[in-house]
Amino acid sequence: MYFRLAFLFFILNIISCAAISHRVLTSDRGSAPFRNESVQFVFTGFYRYEKERESILQKLTQQGFTEANTSDKVVEIILQKKETEYPSDLLHSLNWFLTFFTAGMFPYQIQSENTITFRYTEKNRLLREITYNLRMDQYRGILIIPFTPFFWPNDVFRKQIQETINLETNSL
């Protein structure tokens with residue numbers, strides 16, 4: 001009986017997760033890139049995010065870019081996961097133990113950070129590079145279950161990518 005109850009708490013802790021998005025921050029280097037041109041598109045790090053990759057490609061082609069694999073002009077889009085650094089590793093570990101020993105009644109907080117970089121080059125010469133920092137806080141625990149359908153981390157991350165695409169296409 002206790003084993004089943006413990007197993008139920010374990011499963012509920014795994015599937016209960018909610019994320020809160022932070023504002024997308026940018027760092028820009030270089031002047032305005034080329035526009036309305038034939039370019040090569042190079043995507044790096046999007047192996048799990050095919051829909052987002054297609055969305056970025058669609059938005060850029062709506063801006064006037066056309067895809068040409070032999071062009072000297074390259075638009076490289078790079079998605080990277082950053083290693084999270086917590087202000088205090090001791091407090092983060094304590095948070096994990098507290099969540100574990102209270103069976104998820106005390107939510108566990110995880111930070112996740114990613115960057116999306118748009119790099120515009122022509123004949124291997126960098127014209128512009130802009131990096132968007134995507135950050136969100138994720139919470140896990142029994143008390144988070146009511147928020148899970150509305151703040152599922154994958155959905156929040158997709159919205160952040162959409163915001164990034166909108167910021168980039170508006171800056172062109």
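Computed over heavy atoms, backbone and side chain alike; hydrogens, waters and symmetry mates excluded. Here, residue 1 is the first one in the sequence, and each next residue gets the next number.
- Between the Thr121 side chain and the Asn124 main chain, no donor and acceptor come within less than 3.5 Å of each other.
- Counting heavy atoms from C-beta on, the side chains of Ser55 and Gln162 come closer than 4.5 Å.
- Grouping the Ile, Leu, Val, Met, Phe, Trp and Tyr side chains by contacts below 4.5 angstrom, directly or via other members, places Ile56 apart from Val74.
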Open item on the list: Does Phe118 form a side-chain contact (heavy atoms from CB on, under 4.5 Å) with Thr131? I'd like the steps, not just the answer.
Closed with: CA-CA 6 Å; Phe118 288 83; Thr131 301; over 6 Å; no
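- In terms of heavy atoms, Phe41 sits closest to Leu60 at CE2-CD1, 3.6 Å.
- Nearest heavy atoms, Gln160 versus Val24: O-CG2, 4.4 Å.
- The aromatic ring centres of Tyr139 and Phe147 sit 6.0 Å or more apart.
- By the side-chain hydrogen bond (donor to acceptor under 3.5 Å, both in side chains) test, Thr61 is found to be paired with no residue, residues two or more places apart in sequence or in another chain being considered.
- Considering CG of Leu79 and OH of Tyr47, their distance stands at 8.5 Å, rounded to 0.5 Å.
- Using a 4.5 Å heavy-atom cutoff, the side chains of Tyr132 and Thr117 are not in contact.
- Residue Phe46 is not grouped with residue Val42 when hydrophobic side chains (ILVMFWY) are merged at heavy-atom distances under 4.5 angstrom, including chains of intermediate members.
- Cluster membership check: Phe151 does not share its hydrophobic cluster with Tyr108, using side-chain heavy-atom separations under 4.5 Å among Ile, Leu, Val, Met, Phe, Trp and Tyr.
- Leu134 is listed as a side-chain neighbour of Phe157, based on a closest heavy-atom distance under 4.5 Å.
- For the salt bridge (charged side-chain N to carboxylate O under 4.0 Å, His left out) criterion with Arg128, the lone passing option out of Glu122, Glu168, Glu76 is Glu168.
- Atom OH of Tyr49 is separated from atom CD1 of Ile161 by 6.5 Å, given to the nearest 0.5 angstrom.
- Atom CD of Glu85 sits in a sparse spot, with 12 or fewer heavy atoms from other residues, nucleotides or ligands closer than 6.0 Å.
- In terms of modelled atom types and a separation under 3.5 Å, the side chain of Gln40 and the main chain of Asn69 share a donor-acceptor contact.
- Between His92 and Phe97, the gap from one ring centroid to the other reaches at least 6.0 Å.
- With values rounded to the nearest 0.5 angstrom, Lys59 atom NZ is found 15.0 Å from Glu54 atom CD.
- When the side chains of ILVMFWY residues are joined at heavy-atom separations under 4.5 Å, either directly or via intervening members, Phe106 and Ile144 end up in two distinct hydrophobic clusters.
- A donor-acceptor contact closer than 3.5 angstrom is absent between the side chains of Glu67 and Ser38.
- Annotation: side chain of Thr115 is in contact with side chain of Lys82 (closest heavy-atom distance under 4.5 Å).
- In this model, no donor atom of one side chain and acceptor atom of the other lie less than 3.5 Å apart for Glu113 and Asn133.
- There is no path of hydrophobic side-chain contacts, each under 4.5 Å, that joins Ile130 to Ile78.
- Between the side chains of Gln111 and Thr84, not a single donor N or O lies within less than 3.5 Å of an accepting N or O.
- One distance of note links CD1 of Ile116 with OG1 of Thr26; it measures 12.5 Å at 0.5 Å rounding.
- Remark: Lys81 NZ to Ser112 OG distance equals 5.0 Å, nearest 0.5 Å.
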Open item on the list: Checking Gln109 against Asp137 for the side-chain contact (heavy atoms from CB on, under 4.5 Å) test, could you report, in this order, the C-alpha distance in whole Å, the side-chain angles of both residues, the deciding distance, and whether it holds?
Closed with: CA-CA 7 Å; Gln109 190 257 348; Asp137 292 324; 3.1 Å; yes
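- No donor-acceptor distance shorter than 3.5 angstrom exists from the side chain of Asn170 to the backbone of Ile165, with no hydrogens or angles considered.
- Judged purely by atom type and a 3.5 angstrom limit, Ser93 uses its side chain to pair as donor or acceptor with the backbone of Asp89.
- How far CD1 of Ile110 is from CD of Gln138: 5.5 Å, rounded to the nearest 0.5 Å.
- Among all heavy-atom pairs drawn from Met136 and Ala19, the shortest one is SD-CB, 3.6 Å.
- Between Tyr120 and Glu129, the side chains place no donor N or O within less than 3.5 Å of an acceptor N or O (distance only, hydrogens not considered).
- Side chain of Thr169 to backbone of Asn166: a donor-acceptor contact under 3.5 angstrom is found.
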